[in-house]
Amino acid sequence: MPPPILVYGAYGYTGRLVVREAVARGLEVVVAGRNGERVRDIAGRYGLAGRVFGLDDPGRLESEVATVAAVLHCAGPFVRTSAPMRRACIAAGTHYLDITGEIPVFEATFAEHAEAEAAGVVLLPGVGFDVVPSDCLAAKVAAACPSPRSLEIAFAGGAGVSRGTLRTMLAHAGEGLRVRRGGVLERLPFGALTRTVEIGGRLRRVVAISWGDVATAYRTTKIPDITVYTDLGRSKLVGPAGLRALSALLRVGPARRALDGLVARRLDGPSEAARARARVELWARCVGEDGTAVCGRMTVPDGYDLTARTAVEAAAKVAEGAVPPGAWTPAQAFGADFIDGFEGVTVRVPAPC
Ligand SMILES: NC(=O)c1ccc[n+]([C@@H]2O[C@H](COP(=O)([O-])OP(=O)(O)OC[C@H]3O[C@@H](n4cnc5c(N)ncnc54)[C@H](OP(=O)(O)O)[C@@H]3O)[C@@H](O)[C@H]2O)c1
């Protein structure tokens, strides 16, 4: 039996999917979180060991993670939860993975590369829908593009968002739009960049968003200009101007906290049936120094189901020792073809732009 993987935040919406997937694969898993009743509930359901601890006592955290091979961190917003867990893992010599999509968390984690290497620890953030498929697609189009200069990624589809995803987006609301230009992270007003792209067989107007690839695709490909877009679905009725106004409102602390409280009380996540019906379409376009454009396309299952599969596969590989110490993106750790083997994934590179 391989040494155990500790899933922290195991009773959250995504944590529950991750635990179910890990158990289905026969992995040895310990479930953990800060709420004793909820940890005992999920541990009992699958006959697993459960541990109850918060993230605010560094000594306790270090001793808890010291007994496992890898932590798969599923408790977000990670801007509040990742640093203490990373610190504990580096101190204990335990590998760390998470399912963040948050740009500041990626940047902070990659800044710890040398420290992780020295400690013999793997730091692998973003092993969910953010950013496994887009990171692999970015690596594939970059490899096919001569002297890549700019990268655009767009995605559309999915069954909806969970409470945790919405609360995480709220935690970053008001920060504006993050893009990469000349290798540097830049801030633009939200709604500042839109474009039209054919995704999933129809032309869509997509709007640029602050998405993890602005950090991870840069680390994977070194392409200096990176923008990520999405189809905002129903919210496109509001339009970029409306979204700018909403973003300004959410910069106001009390408004943001009121909405966060509402989301925390009211929302869980998309139903199993809705997820099973949903697909996400991704598109990427890399342009080289000489103007050559290379595009790629990918279809994947709903983001939460995909997250459970990619996160568990990544954690299993890391726990087995398949990745050298240091801080990596998913495509750096496993190669650009990592995504290809998952059920329901189709990839085309090059593809019509
Ligand atoms: N990469 C991806 O594609 C991807 C996919 C899915 C989710 N996510 C991210 O994963 C996170 C969780 O999403 P979710 O849908 O599972 O949300 P959720 O259902 O609200 O669950 C959040 C979990 O995090 C725990 N938690 C939050 N703050 C904590 C803290 N300070 N200390 C300890 N535990 C804490 C919660 O425990 P309590 O209930 O005790 O607060 C709960 O177990 C979000 O940040 C989301 O954006 C990313």
Side-chain angles (χ1 to χ4, degrees), residues 6-21 31-43 50-58 60-61 64 71-85 88 97-106 109 124-135 155 157-173 209-213 215-216 228 230 260-270 275 280 282 300-312 314-315 329-330 339 342:
L6 184 142
V7 179
Y8 191 84
Y11 52 78
Y13 177 81
T14 314
R16 296 195 302 267
L17 298 178
V18 164
V19 171
R20 186 176 71 177
E21 173 73 15
V31 292
R34 63 181 170 180
N35 181 318
E37 202 178 318
R38 299 193 69 189
V39 169
R40 282 188 289 278
D41 179 53
I42 189 155
R51 301 211 199 134
V52 183
F53 56 92
L55 302 172
D56 40 12
D57 176 348
R60 170 83 193 275
L61 200 49
E64 290 287 356
V71 168
L72 176 49
H73 196 6
C74 298
F78 290 92
V79 72
R80 297 182 194 137
T81 62
S82 171
M85 188 64 94
L97 303 94
D98 71 33
I99 56 166
T100 191
E102 298 159 64
I103 295 163
V105 177
F106 284 123
T109 307
L124 188 41
V127 292
F129 170 76
D130 301 355
V131 289
V132 171
S134 47
D135 196 42
F155 64 92
V161 295
S162 72
R163 169 184 50 215
T165 300
L166 212 49
R167 296 186 80 187
T168 300
M169 288 160 94
L170 278 171
H172 296 276
I209 52 167
S210 298
W211 207 250
D213 304 279
T216 49
V228 183
T230 194
D260 183 66
L262 196 67
V263 170
R265 286 192 300 278
R266 292 288 169 87
L267 206 76
D268 188 19
R275 290 199 317 270
V280 185
L282 295 100
V300 301
D302 176 70
Y304 293 94
D305 288 326
L306 185 70
T307 292
R309 293 176 205 156
T310 54
V312 167
T329 66
I339 189 68
F342 291 94

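This is a predicted model, so every value here is computed, not measured. Counting convention: from 1, in listed order, for ligands and their atoms alike.
- With contacts defined as side-chain heavy-atom distances shorter than 4.5 Å, the pair C74/D98 does not qualify.
- Each of the following atoms of ligand 1 lies closer than 4.0 Å to a heavy atom of F78: 9 (C), 10 (O), 11 (C), 45 (O).
- Nearest-residue assignment for atom 23 (C) of ligand 1 (options G269, A75, P133; heavy-atom criterion): A75.
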Taking it one step at a time, do I99 and D130 satisfy side-chain contact (heavy atoms from CB on, under 4.5 Å)? CA-CA 7 Å; I99 56 166; D130 301 355; over 6 Å; no
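- Contact between R167 and ligand 1 is absent, with no heavy atom of the residue lying under 4.0 Å from the ligand.
- Among all protein heavy atoms, the one lying closest to atom 19 (O) of ligand 1 is Y13 N, 2.8 Å.
- Close approach to F129 involves these atoms of ligand 1, each under 4.0 Å from a residue heavy atom: 2 (C), 3 (O).
- Distance alone, capped at 3.5 Å, places no donor-acceptor pair between the T310 side chain and the V132 backbone.
- In this structure, the side chain of Y8 does not engage the main chain of M85 through any donor-acceptor pair within 3.5 Å.
- In this structure, the protein non-hydrogen atom closest to atom 20 (O) of ligand 1 is R163 NE, 3.1 Å.
- Residue M169 does not touch ligand 1, judged by heavy-atom distances below 4.0 Å.
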Between Y11 and N35, does the side-chain contact (heavy atoms from CB on, under 4.5 Å) criterion hold? Intermediate values first, please. CA-CA 9 Å; Y11 52 78; N35 181 318; 3.2 Å; yes
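- Using a 4.0 Å cut-off between heavy atoms, T14 contacts ligand 1 through both its backbone and its side chain.
- A ring-centre distance under 6.0 Å is found for Y304 and Y13.
- Close to ligand 1: R34, with a non-hydrogen atom less than 4.0 angstrom away.
- At the shortest separation from atom 43 (O) of ligand 1 among protein heavy atoms lies Y11 CE1, 3.3 Å.
- Scanning G76, G54, S162 for the heavy atom closest to atom 15 (O) of ligand 1 points to S162.
- The shortest contact between atom 17 (O) of ligand 1 and any protein heavy atom is with G164 CA, 3.0 Å.
- When heavy-atom distances to ligand 1 are checked against a 4.0 Å cut-off, A10 has no atom that comes that close, whether in backbone or side chain.
- In this structure, D213 contributes its side chain and T216 its backbone to no donor-acceptor pair below 3.5 Å.
- When heavy-atom distances to ligand 1 are checked against a 4.0 Å cut-off, L55 comes that close only through its side chain, counted from C-beta outward.
- Between H73 and F78, the two ring planes are perpendicular [angle over 60°; tilted spans 30° to 60°].
- E21 places no side-chain N or O within donor-acceptor distance of the main-chain N or O of A308, the cut-off being under 3.5 Å.
- For the residue pair S162 / T165, a side-chain donor-acceptor distance below 3.5 Å is found, with atom types taken as modelled.
- Interface atoms of ligand 1 facing R38, defined by a heavy-atom separation under 4.0 Å, are 39 (O).
- Residue contacts with ligand 1 for I99 involve both N, CA, C or O and side-chain atoms from C-beta outward (heavy atoms, distance under 4.0 Å).
- Scanning all protein heavy atoms for the shortest distance to atom 21 (O) of ligand 1 gives G12 CA, 3.4 Å.
- Of the heavy atoms in T81, only side-chain atoms (C-beta onward) come closer than 4.0 Å to ligand 1.
- Atom 3 (O) of ligand 1 has as its closest protein heavy atom D130 N, 2.8 Å.
- The backbone N or O of G33 sits nowhere less than 3.5 Å from a side-chain atom of R51 that would complete a donor-acceptor pair.
- Scanning for salt bridge (charged side-chain N to carboxylate O under 4.0 Å, His left out) contacts around R40 gives an empty result, with sequence neighbours left out.
- In terms of modelled atom types and a separation under 3.5 Å, the side chain of T109 and the main chain of P125 share no donor-acceptor contact.
- Of the listed options I42, T168, V127, T168 places a heavy atom closest to atom 45 (O) of ligand 1.
- Looking only at protein heavy atoms, the nearest one to atom 5 (C) of ligand 1 is T307 OG1, 3.4 Å.
- The closest protein non-hydrogen atom to atom 12 (C) of ligand 1 is C74 O, 3.5 Å.
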